[in-house]
Protein chains: 2
Amino acid sequence: MAEVARTAGVSTATAGRALGGYGSVSPEARTRVLAAAKELGYRRNDLARAVITGRSDTIGLVVADIDNPFFAAAVRGVSDAARAAGYEVLLANTDEDPHRERSAVDVLLARRVDGLIVAPTWGDPEHLQRAQRSGTPVVLLDRRIEGVDLDTVMVDNFEASRRAVAYLVDAGHRRIAMVTGGTRRSQVAPPGQRGVSTGRDRVEGFLRGAAEAGLQEPERYLRTAAGTPDLSQRATADLLAGHEPPTALFASDSRVALGAVKAIRQAGRTIPDHISLVAFDDADWTGVVTPTITVISQPAQALGRRAAEMLLERISGAQEEPREELLPTVFIERDSVAPCADDTRGA
Amino acid sequence: MAEVARTAGVSTATAGRALGGYGSVSPEARTRVLAAAKELGYRRNDLARAVITGRSDTIGLVVADIDNPFFAAAVRGVSDAARAAGYEVLLANTDEDPHRERSAVDVLLARRVDGLIVAPTWGDPEHLQRAQRSGTPVVLLDRRIEGVDLDTVMVDNFEASRRAVAYLVDAGHRRIAMVTGGTRRSQVAPPGQRGVSTGRDRVEGFLRGAAEAGLQEPERYLRTAAGTPDLSQRATADLLAGHEPPTALFASDSRVALGAVKAIRQAGRTIPDHISLVAFDDADWTGVVTPTITVISQPAQALGRRAAEMLLERISGAQEEPREELLPTVFIERDSVAPCADDTRGA
DNA sequence: TTGTAGGCGTTATCAC
DNA sequence: GTGATAACGCCTACAA
């Protein structure tokens, strides 16, 4: 910059004003500086600027795994909203590992991100609260944490799941199963921190829906511990092979659904004749398979966008109470649910 | 930091050495400093450090759209390799817009990223060369740029496509169509910069395969301008409705395939009885639809990982000639290709 | 090993 | 509007 100033015949202060767009500079001086900068191939060092201003114009984004269509879309939403406001996005994956989440937050804080968007995994969320308290706002994406005062953007997983079960009950099903994507590892944590809220809420919704229909022992048809399509395939196969197999299945996300569809096919059953299926998330393929899959569609990209917007509000100083914002899900009826044909259904 | 030093009863220099892990500090001094830092909730400012050292330990990643499974996996690969080496990832989307790519690169350069991984879109790549020349190494991901000396990690799209066509020819098909994901917008650019290399190479491979089989006017069955599943659905519908419709279809990526499958179904045709299908990219759903889809599988995550590794080598000073690294594709035979049953096939 | 002093590339302050 | 000068938070001599 000193060189640019010299070439333009002004002081570094004036050059800085022209280049940084602050203070006031005469038009002639500005054009001279800009010309000199261009000629010398000058590039501003935003890092140095950030050290002074205390703002990096960067937000940190921490998710479990981008390579999951839901998060990919959410990341896209965050990214778009951030860019529109002149912010960049520093990305980190946790793979649902609390240690990695914590260290990711540490690193991002050390990089002086202006705010953090986190899809929190299980375990103690103390690092998130501390970040917020120490002046870096935090917005939770897709998952809430009980007893923690942080802005949260998500959908009503409980209600959506309850309704999905009700829908299956209305079709006459009584033996309704659920396969979820949670992992067993998280079970070491204290009760409130086990697994992630989406998983818990969806299971609760499932159980409530079952209870409202007076179904007996719904837990009998509940399978957790299915982190990958492979595992959920096995869980589904297990259900199908059991005594009094379910006539309907609720998959907690699209990857679980993928495994479930494979398992059902391999078991020689067909959807929806032998078993009906409802899944969370409107993955692209659910409209293409035979039959097409009835799903609960989440506005993944909009969730990311809203999270970014809320964060930017906090960054610009908004001080209201933390709030939980629920975006609507859409129940998309397709062809994977049929009336229950099993006459032992009273069982 | 000054406060930490004071509390620990040492100079800022010693505190800096203890906190930054450089120089030499006596064990006692270190523990005292660390204790003071913890007590005061001190967090190092990596930005200030970067200003001094000239290294930000950050790499910039520029892709067309994370919300595309291929790039999502590639981003994942880059992210993993970067993290393992102590680097963070600054992410940007371009939506195949050359202006956005250029401005993304500008911003990342101003943020002093140590290197850049770019899946370049169409148009003039001068900004990438300039970045490289001015000392920020650049690695191209998934797409090459002719006449530009930059490290590149990709697959052999031409050869994979040629073989796919050969495979269809072997099954007896003569009327083989291709639908690609390119957009028309890019056609305003000079010849070498039109569209992206993956699209061009796949088309070239298709044409070569057709030529080798002595097929007449393969261009007749070539449809570009299909950026979204919707558009490729329309393009496919158009092909099917034509005079002498194709008996086999080659989809240039999994999203095109998605549209194609829908179009084929809506036209009342079945795969592979009426029309065979081969697609690029082993998207998760291709193994679940009926019939399962024969695909050319790309190691998306490994491509990202390799790109990051190559970039890190450059960052640490590797000076060899830029090289183009080709990762192998895998042709996965599934159930979407059948022998050609059409006896007008000599047409 | 430790402290002092200077510098990295900006922005902020304050006279002029 | 402009220029000198301090300041940001850290690292790197160099001397002690």
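Within every chain, numbering begins at 1; the chains are lettered A, B, ... in the order of the sequence lines, protein sequences first and strands thereafter.
Remark: A/Leu326 engages A/Met154, A/Asp156, A/Glu324 in a side-chain contact (heavy atoms from CB on, under 4.5 Å) (not counting sequence neighbours). Judged as a side-chain contact (heavy atoms from CB on, under 4.5 Å), and not counting sequence neighbours, the contacts of B/Pro98 are B/Thr121, B/Trp122.
Backbone-only contact: B/Arg44 has heavy atoms under 4.0 Å from sugar-phosphate atoms and none from a base. Among the protein residues, A/Met1 comes within range of the nucleic acid bases, having at least one heavy atom under 4.0 Å from a base atom.
Recorded end-axis angle for the helix from C/dT1-D/dA16 to C/dC16-D/dG1 stands at 30°, based on five pairs per end and rounded to 10 degrees.
In this structure, A/Ile66 and A/Leu91 have side chains that are in contact, with non-hydrogen atoms separated by less than 4.5 Å. Counting heavy atoms from C-beta on, the side chains of A/Val138 and A/Asp151 never come closer than 4.5 Å. Looking at B/Met310 and B/Thr152, their side chains never come closer than 4.5 Å, going by heavy atoms from C-beta outward. Counting heavy atoms from C-beta on, the side chains of A/Ile315 and A/Leu311 come closer than 4.5 Å. Residues B/Ser24 and B/Arg17 have side chains not in contact (no heavy-atom distance under 4.5 Å, counting atoms from C-beta outward).
Salt bridge status for B/Glu146 with B/Arg194: absent, with no side-chain N to carboxylate O gap under 4.0 Å. A salt bridge between A/Arg43 and B/Asp106 is present, with a side-chain N of the basic residue lying under 4.0 Å from a carboxylate O of the acidic one. Ion pairing between a basic and an acidic side chain is recognised when a charged N comes within 4.0 Å of a carboxylate O; B/Asp65 and A/Arg76 show such pairing.
When the P atom of D/dG9 is taken as reference, atom CG of A/Asn45 falls 16 Å away, rounded to whole Å. Rounded to a whole Å, the CZ atom of A/Arg111 is 16 Å from the C1' atom of D/dG9.
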Exercise for review: Go through A/Arg100 and A/Asp95 one step at a time and tell me if the salt bridge (charged side-chain N to carboxylate O under 4.0 Å, His left out) criterion holds.
Suggested key: CA-CA 8 Å; A/Arg100 288 180 62 174; A/Asp95 273 329; 3.1 Å; yes

Review point. What's the verdict on salt bridge (charged side-chain N to carboxylate O under 4.0 Å, His left out) for B/Glu309 and B/Arg306, showing C-alpha distance, side-chain angles and the deciding distance?
Key: CA-CA 5 Å; B/Glu309 289 166 359; B/Arg306 270 309 287 154; 2.7 Å; yes

Practice item. Under the salt bridge (charged side-chain N to carboxylate O under 4.0 Å, His left out) rule, what do A/Glu313 and A/Arg323 come out as? Steps first, then yes or no, please. Key: CA-CA 12 Å; A/Glu313 282 172 29; A/Arg323 60 182 192 277; 3.6 Å; yes

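Residues from residues 21-41 of chain B placing a heavy atom under 4.0 Å of any atom in DNA chain C, listed by number, are B/Ser24, B/Val25, B/Ser26, B/Ala29. Of the residues in residues 46-59 of chain B, those placing a heavy atom less than 4.0 Å from an atom of DNA chain C are B/Val51, B/Ile52, in numerical order.
Counting 5' to 3', DNA chain C first comes under 4.0 angstrom of a heavy atom of chain A and last does so at the ends given by C/dG9 to C/dT13.
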